[in-house]
Amino acid sequence: MLLVIDVGNTNIVAGVFDGKSLVSHWRFSTDRSKTADEYGILLRSMFNYTKMPMDEVKAIIISSVVPPLIVPLCHMCERYFDQVPMVVGPGIKTGISLRYDNPREVGADRIVNAVAAFEKYASKGKPMIIVDFGTATTFCALLPTGEYLGGAIAPGIGISAEALFQRTAKLPRVELIKPPAVICKNTVNAMQAGILVGFVGQMNEIVCKMKEELGGEAIVIATGGFATTMAAESDVIDAVEPFLTLEGLLILYEKNAK
């Protein structure tokens, strides 16, 4: 079995692959203060809950956009799984080329998503636009030849809603669900409308502009926590891939295992 760990700014997502099949996955908060032992005990409890023996994990790969967590997670892998993990970073074989001013600036999550999208959709012969609804909302453009062109980065839905709550005196923290209308008659619904409808409009416009620069056609792939919600409100998304990053980590491990 292969353990894959994707470290984001807000959440860590871990998954276990048995061959090509994702047999289990978990999401927990990213905490820069946690030690290797704390993460090890947390993962052990998740393995125990799903009744999977930890000693069946024969390899581990980690992708992280939070550099301070790489060392404790590597120590955790060595101590609790007796494995030295593969870490996504410079020198790893991806199968795609980064046409970026400074390739080292591209986040590991964006590279992993691009690898998975290329593997799954390049055969259709169209450019790909990958929209990842994470702490930040990222838009990445990828050609079917495997050239990563770059993209756009916007504030994420969750942190934007949290900033609205924290920086205003009377606005409450709200659940991010679809409101009954855009002309709303109470504050909670008004905030939901402003946030969700506003981000749908942002997504539609950025995707539209990217399609123009790509020549008019592209496959739009959504992933991340709000992908399903946003796809239900917009017709620009062609596919929702909730486990795109985990699948990308599996592909990267297979490319580099030797």
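Here, residue 1 is the first one in the sequence, and each next residue gets the next number.
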Undergrad: Would you say that Ile153 contacts Arg110 through its side chain, given a criterion of any heavy-atom pair below 4.5 Å between the two side chains?
TA: yes
Undergrad: Would the distance check show the side chain of Asn186 and the main-chain N or O of Asn189 forming a donor-acceptor pair, the cut-off being under 3.5 Å?
TA: yes
Undergrad: Is it the case that over 12 heavy atoms from other parts of the model lie below 6.0 angstrom from the CD atom of Glu217?
TA: no
Undergrad: Which pairs, with at least one residue in residues 164-184 and sequence neighbours excluded, count as a side-chain hydrogen bond (donor to acceptor under 3.5 Å, both in side chains)?
TA: Glu162-Gln166, Glu162-Arg173
Undergrad: Output yes when a side-chain donor or acceptor of Ser234 lies under 3.5 Å from a complementary backbone atom of Ala231, and no otherwise.
TA: no
Undergrad: Could you give the side-chain donor-acceptor pairs of residues 70-93 under 3.5 Å, partners two or more places apart or in another chain?
TA:
| residue | atom | partner | partner atom | Å |
| --- | --- | --- | --- | --- |
| Arg79 | NH1 | Asp37 | OD1 | 2.9 |
| Arg79 | NH1 | Asp37 | OD2 | 3.3 |
| Tyr80 | OH | Asp37 | OD1 | 2.9 |
| Gln83 | NE2 | Lys58 | O | 3.4 |

Undergrad: With side chain to side chain contact (heavy atoms under 4.5 Å, CB included) as the test, pick out the partner of Thr94 among Val112, Val115, Ile251.
TA: Val115
Undergrad: I want to check something: taking the side chain as every heavy atom from C-beta on, are Ile62 and Leu69 in contact at a cut-off of under 4.5 Å?
TA: no
Undergrad: Checking Asp238 side chain against Val220 main chain: does a donor-acceptor pair fall under 3.5 Å?
TA: yes
Undergrad: Roughly how far, to the nearest 0.5 Å, is the CZ atom of Phe133 from the CZ atom of Phe199?
TA: 9.5 Å
Undergrad: Working to the nearest 0.5 angstrom, can you tell me the gap between Thr135 OG1 and Ile157 CD1?
TA: 11.5 Å
Undergrad: At their closest point, which heavy atom of Ile206 faces which heavy atom of Ala152, and how far apart are they?
TA: CG2-CB, 4.3 Å
Undergrad: Quick check: do Glu254 and Lys20 have side-chain heavy atoms less than 4.5 Å from each other?
TA: yes
Undergrad: In terms of heavy-atom contacts, does CD1 of Ile183 have more than 12 from other residues, nucleotides or ligands at under 6.0 Å?
TA: no
Undergrad: With a 3.5 Å cut-off and no angle check, do the side chains of Thr245 and Asn113 form a donor-acceptor pair?
TA: yes
Undergrad: Please answer whether the main-chain N or O of Ala116 pairs with a side-chain N or O of Glu119 as donor and acceptor at a distance below 3.5 Å.
TA: no
Undergrad: Is a side-chain N or O of Ser24 found less than 3.5 angstrom from the main chain of Val16, in a donor-acceptor match?
TA: no
Undergrad: Within the structure provided, determine whether Ser160 and Ile195 are in side-chain contact (heavy-atom separation under 4.5 Å).
TA: no
